There are 2 protein chains.
Amino acid sequence: MSNASSAIERFSRYPMGESQSVCCPVRDVLDRIGDKWSMLMIMALATRPHRFSELHRAVHDISKRMLTQTLRDLERDGLITRHVFPTKPPGVEYRLAPLGHSLLDPMAGLIDWADRCYGDIHAARARFDGTHGDAPRQAFSNRS
Amino acid sequence: MSNASSAIERFSRYPMGESQSVCCPVRDVLDRIGDKWSMLMIMALATRPHRFSELHRAVHDISKRMLTQTLRDLERDGLITRHVFPTKPPGVEYRLAPLGHSLLDPMAGLIDWADRCYGDIHAARARFDGTHGDAPRQAFSNRS
DNA sequence: TGGGGAGGTCTACTATAGAGACCGCCTTCG
DNA sequence: CGAAGGCGGTCTCTATAGTAGACCTCCCCA
């Protein structure tokens with residue numbers, strides 16, 4: 001918590017109240033890497049460069065469309081780079097840019113936390129669903 | 001990178017290839033806190049407990065619907081707690097649970113990174129949009 | 001000659017988020 | 001007395017984003 005409080009404080013400097021989302025790095029960064037696939041891509045690329053299809057195989061349940069889009073967005077933000085090799089059938093390799101590399105450390109903290117607290121979260125979830133609801137499917141749904 | 005590599009390695013133990021999303025803490029946790037609002041809620045609650053309307057004012061551009069849902073989900077996962085005070089008009093207070101508190105530290109790392117690299121990301125984005133596209137609006141869109 | 005992989009794009013479908021109206025309860029103001 | 005407004009939500013409608021999966025070109029290999 002030692003360094004957390006300072007970060008929270010730093011964060012608090014960015015007012016959230018008046019459509020300031022544009023000037024709040026947290027919102028901005030979260031919108032980018034907080035989506036379903038970006039972090040997974042970064043993690044996959046953390047060990048070594050990957051080809052498009054390798055990434056597709058590595059993640060399997062991403063659609064090609066989302067794979068392309070996620071890679072484009074990450075490239076656009078300078079987190080990964082895209083290299084085309086003009087071989088016979090052109091090969092494309094994606095690799096982590098330095099900026100992407102610098103993300104690994106903070107991400108590792110999160111992964112660590114996820115790993116540690118996974119069980120607690122599921123326990124809490126089960127407890128909530130048991131105590132609180134008869135229909136444990138979703139806590140909040142658009143049931144028609 | 002020192003501790004990052006170990007975390008990456010730990011992550012790699014969870015295969016992503018065979019619909020293993022259910023057993024991968026990273027995916028699981030990311031789906032929860034990686035959404036647009038959860039982290040913002042946690043950050044808002046980091047300093048002190050908040051009432052429902054306080055949170056709404058603090059974030060302003062969240063709809064009540066999403067606010068309710070986000071709070072429910074966080075409560076369900078044991079990250080925050082919800083206290084109802086049976087005062088004249090019942091008041092509801094949300095506060096961080098210990099589990100939520102333990103998230104602050106890893107989150108701080110990310111906020112820190114966001115703060116540091118915000119500029120780089122925007123620079124990269126501008127460069128990409130300039131070099132790469134005539135229509136800098138979106139890198140990938142469903143244009144009809 | 002036709003199957004398969006690479007590296008995508010396109011279209012159609014559907015789940016999700018967001019806007020904003022509404023609600024019961026209570027207090028306060030004119 | 002009647003209206004206004006805050007609290008803590010829920011409900012419905014619509015716009016948007018994600019998903020599945022067909023399709024495409026180029027090349028290699030048997």
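To find a chain, count down the sequence lines: A is the first, B the second, and so on, and within it residues start at 1. The figures here come from the full heavy-atom set of this structure, side chains too, leaving out hydrogens, waters and symmetry mates. What you see is a predicted model, and the numbers here were worked out from it, not measured in a lab.
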| said: For Thr70(A) and Asp73(A), which I'm curious about, is there any donor-acceptor pair between the side chains at under 3.5 Å? | reply: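 No, no side-chain donor-acceptor contact under 3.5 Å.
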| task | Would you tell me whether Asp28(B) and His122(A) have side-chain atoms, one donor and one acceptor, within less than 3.5 Å of each other? | result | yes
On the nucleotide [N], are OP1 or OP2 found under 4.0 Å from the side-chain N or O atoms that [X] carries?
{"X": "Arg65(A)", "N": "dA22(D)", "answer": "no"}
{"X": "Arg51(B)", "N": "dC7(D)", "answer": "no"}
{"X": "Arg72(B)", "N": "dT10(D)", "answer": "yes"}
{"X": "Ser53(B)", "N": "dC7(D)", "answer": "yes"}
{"X": "Trp37(A)", "N": "dA17(D)", "answer": "no"}
{"X": "Arg82(A)", "N": "dG8(C)", "answer": "yes"}
{"X": "Tyr94(B)", "N": "dG9(D)", "answer": "yes"}

Measure [atom1]/[X] against [atom2]/[N] and give the value in whole Å, please.
{"X": "Gln69(A)", "N": "dA17(D)", "atom1": "CD", "atom2": "P", "answer": "9 Å"}
{"X": "Lys64(B)", "N": "dG18(C)", "atom1": "NZ", "atom2": "P", "answer": "16 Å"}
{"X": "Leu55(A)", "N": "dG5(C)", "atom1": "CG", "atom2": "P", "answer": "17 Å"}
{"X": "Asp35(A)", "N": "dT16(D)", "atom1": "CG", "atom2": "C1'", "answer": "15 Å"}
{"X": "Arg57(A)", "N": "dG8(C)", "atom1": "CZ", "atom2": "P", "answer": "14 Å"}
{"X": "Leu67(B)", "N": "dG20(C)", "atom1": "CG", "atom2": "C1'", "answer": "15 Å"}

| Side-chain donor/acceptor of His56(A) to backbone N/O of Ile62(A), under 3.5 Å | yes
| request: Please give the angle, rounded to 10 degrees, between the axes at the start and the end of the helix from dT1(C)-dA30(D) to dG30(C)-dC1(D), where five pairs define each axis. | output: 20°
| How is Phe85(B) classified with respect to the nucleic acid when contacts are heavy atoms under 4.0 Å: base, sugar-phosphate, or nothing? | nothing
